[in-house]
Amino acid sequence: MPLLVLDEGGALRRAGLEDYVEAVKALVSLVPVGRVTTYSTIARLLGVSPRLAGRALSLNPEPIVYPCHRVVRSDGGLGGYSVGGAPFKEGLLRLEGVPVEGGRVDRVYIIDEPEELLDP
DNA sequence: CATCGAACCAACC
DNA sequence: GGTTGGTTCGATG
């Protein structure tokens with residue numbers, strides 16, 4: 001059963017990409033500076049596939065307001081970035097105090113448990 | 001460690 | 001109907 005949401009008219013409809021974008025924006029805003037989370041974690045919280053989570057993030061090209069750059073792959077790899085690509089993403093992470101070695105973020109900086117995000 | 005293939009789900013062709 | 005993504009996971013070398 002897919003996720004359902006209410007539209008402006010109060011009618012129940014299937015969630016679309018736009019809805020997931022809203023959801024991921026809210027979630028990445030919870031990630032503290034100096035830490036990152038993963039596509040997998042976000043996907044599990046939303047109950048969608050990791051790919052869909054990535055797609056939702058790529059649809060929101062506002063890196064400053066909503067820090068999509070704090071989302072990396074579950075193996076520590078950077079993953080992609082819609083604006084400026086991975087190099088720009090890497091730069092942003094460094095600025096926030098997250099070291100990137102060999103194209104990877106150390107596991108200690110990664111939040112991969114939902115509770116860690118919800119009850120910091 | 002590196003690569004491979006299948007599964008993921010909405011959007012787009 | 002088939003392809004495509006800011007991916008993942010297990011299996012295999």
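No hydrogens, no waters, no symmetry mates; every other heavy atom, side chains included, goes into these values. Quick note on labels: first sequence line is chain A, next is B, and so on, each numbered from 1.
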Please confirm whether the shortest side-chain N or O distance from A:S82 to OP1 or OP2 of C:dG6 is below 4.0 Å. no

Expressed as a whole number of angstroms, how long is the span from A:R73:CZ to C:dG5:C1'? 13 Å

Qualifying residues under salt bridge (charged side-chain N to carboxylate O under 4.0 Å, His left out), relative to A:R35, sequence neighbours excluded: A:E116

So what's the dot-bracket for DNA chain B: Watson-Crick or G-U pairs under 3.5 Å, [ ] if a pair crosses, | if it pairs off-strand? |||||||.|||||

How many Å lie between CG on A:L57 and P on C:dG5, as a whole number? 16 Å

Span that lies between the P atom of B:dA2 and that of C:dG6, in whole angstrom: 23 Å

Which Ile, Leu, Val, Met, Phe, Trp or Tyr residues join A:V33 in one cluster when any pair of side-chain heavy atoms under 4.5 Å counts as a link? none

Can you tell me how far P of C:dG6 sits from CZ of A:R104, to the nearest Å? 19 Å

Residues in side-chain contact (heavy atoms from CB on, under 4.5 Å) contact with A:E18, at least two apart in sequence or another chain: A:L59

Please report, rounded to the nearest Å, how far the P atom of C:dT7 is from the CD1 atom of A:I110. 14 Å

What pairs of nitrogen or oxygen atoms, one from the protein and one from nucleotides 11-13 of chain C, lie under 3.5 Å apart?
none

Tell me whether A:D75 is salt-bridged to A:R104, with the criterion being a basic N under 4.0 Å from an acidic carboxylate O. yes

Along nucleotides 7-13 of chain B, 5' to 3', which nucleotides get a B, which get an S, and which get a -, given that the test is a protein heavy-atom distance under 4.0 Å? BBSSS--

Under the rule for side-chain contact (heavy atoms from CB on, under 4.5 Å), what residues qualify as partners of A:P87, not counting sequence neighbours? none

Considering only heavy atoms, which members of residues 32-45 of chain A lie under 4.0 Å from some atom of DNA chain C? A:Y39, A:S40

Tell me, please, which residues at least two apart from A:P67 pass side-chain contact (heavy atoms from CB on, under 4.5 Å). A:V28, A:H69, A:R70

Could you check how far CG of A:L92 sits from P of C:dG6, rounded to whole Å? 17 Å

Main chain of A:V71, side chain of A:K89: is a donor-acceptor contact present, judged purely on distance under 3.5 Å? yes

A:T37 side chain to A:I111 backbone, donor-acceptor under 3.5 Å: yes

Considering residues at least two apart in sequence or located in another chain, which fulfil the side-chain contact (heavy atoms from CB on, under 4.5 Å) criterion with A:A23? A:L46

Distance check, rounded to the nearest 0.5 Å: A:E22 atom CD versus A:L17 atom CG? 11.5 Å

By salt bridge (charged side-chain N to carboxylate O under 4.0 Å, His left out) - contacts of A:R94 (at least two apart): A:E90

Stepwise, does the side-chain contact (heavy atoms from CB on, under 4.5 Å) test hold for A:V24 with A:Y66? CA-CA 9 Å; A:V24 293; A:Y66 303 104; over 6 Å; no

Tell me who clusters with A:Y109, hydrophobic residues only, linked when side chains sit under 4.5 Å apart either directly or through other members. A:V36, A:V72, A:L78, A:L93, A:V98, A:V100, A:V105, A:V108, A:I110

